[in-house]
Amino acid sequence: MISLSLIGIGTGNPEHVTLAAVRALNEADLILLPRKGEAKSDLIDLRRLLCRDLLEASSRTRVVEFDLPCRDARADYLGAVDDWHDAIAEVWADLMATHLPEGGRVGMLIWGDPSLYDSSLRIAERLGDKGQALEIRVEPGITSLQALTAAHCIPLNALAEPVLITTGRRLRERGWPSDAESVAVMLDSGGAFQALPQEGLTVWWGAYLGMDKQCLIDGPLVDVAATILERRAALRERHGWIMDVYLLRRM
Ligand SMILES: C[S@@+](CC[C@H](N)C(=O)[O-])C[C@H]1O[C@@H](n2cnc3c(N)ncnc32)[C@H](O)[C@@H]1O
């Protein structure tokens, strides 16, 4: 039997890791750390740092790194993601069979929280399909949306109003969701807000939230859109990668 803990670690600030996450790390027999290529080495560096700093000397946890399979860049996006998840599940299953042939507790450090635009729960379900006896646990983490609203000191929702969370791809394809007052945008490859009429919208933007290189911009979208695009491009150039998220609100 494999007991798999998906442990939310927040979005880059080691101080955001919860006590429950620390306990789960120390209870694991095996922690699997994905390498995502040189350009995103900051992401594995943070996970290595957490393991180094948070695993107690008495802990018998083994830490094993692996190369994350790459997603096919073909046009059929959902089909490519489906195949990619299969490939990742295959790698996880092999690692668990190799390092824990008798079963045991596996921990995975999940960026932010496993419930928000993260596929680890969907991938874990595929392990069950491979005949592996599996128990899944989740330790919640601080999401990039919470890091964004905290950094700007704003509420996520306007008074008594809902918030819609979407992706840059979807915003670009479908425009402003009807009836929405507040829209949070994640996974934007850059400037999806350019597809919107910008008048009347306020934006709160954040990149590398929680990290030393955190960058924030806010204001009426018509005034700050160009600055966000320029700053984003410059930061991406400087660091080799970028993660950003933003909240748009009709004002
Ligand atoms: C694959 S999703 C993972 C989200 C994560 N599970 C969470 O709870 O926030 C990656 C997206 O989250 C957002 N994100 C994650 N970490 C971030 C950070 N430190 N700063 C800004 N945006 C971040 C970006 O929109 C990025 O494209």
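Atoms within a ligand are numbered from 1 in the order they appear, just like the ligands themselves. In what follows, every heavy atom counts, from backbone to side chain, and hydrogens, waters and symmetry copies are set aside.
- Between W205 and C215, the closest side-chain pair of non-hydrogen atoms falls below 4.5 Å.
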Table of N or O contacts for ligand 1, cutoff 3.5 Å:
unit_1   : atom_1 : unit_2 : atom_2 : d
ligand 1 : 6 (N)  : W111   : O      : 2.9
ligand 1 : 6 (N)  : D113   : O      : 3.1
ligand 1 : 6 (N)  : L116   : O      : 2.8
ligand 1 : 8 (O)  : D113   : N      : 2.9
ligand 1 : 9 (O)  : S144   : N      : 2.8
ligand 1 : 9 (O)  : S144   : OG     : 2.7
ligand 1 : 16 (N) : W111   : NE1    : 2.8
ligand 1 : 19 (N) : T11    : O      : 2.9
ligand 1 : 19 (N) : L209   : N      : 3.2
ligand 1 : 19 (N) : L209   : O      : 3.0
ligand 1 : 20 (N) : Y208   : N      : 3.4
ligand 1 : 20 (N) : L209   : N      : 2.8
ligand 1 : 25 (O) : L187   : N      : 3.0
ligand 1 : 25 (O) : D244   : O      : 2.7
ligand 1 : 27 (O) : L187   : N      : 3.3

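- Ionic pairing of D29 and R62 is not present here: no N-O contact between side-chain nitrogen and carboxylate oxygen is shorter than 4.0 angstrom.
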Atom pairs and distances, side-chain donor-acceptor, residues 95-117, under 3.5 Å, sequence neighbours left out:
unit_1 : atom_1 : unit_2 : atom_2 : d
T98    : OG1    : D94    : O      : 2.7
R105   : NH1    : E27    : OE1    : 3.4
D113   : OD1    : G141   : N      : 2.8
D113   : OD2    : S115   : N      : 2.8
D113   : OD2    : S115   : OG     : 2.5

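- Because its NZ or CZ atom is not both nearer than 6.0 Å to the ring centre of F66 and within 45° of the ring axis, R35 does not count as a cation-pi partner of that residue.
- Counting only residues at least two apart or in different chains, ring pair (Phe, Tyr, Trp, His ring centres under 6.0 Å) contacts with residues 10-35 are absent.
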Kindly list each side-chain donor-acceptor pair under 3.5 angstrom involving residues 1-9, sequence neighbours excluded, with atom names and distances?
unit_1 : atom_1 : unit_2 : atom_2 : d
S3     : OG     : E135   : OE1    : 2.8

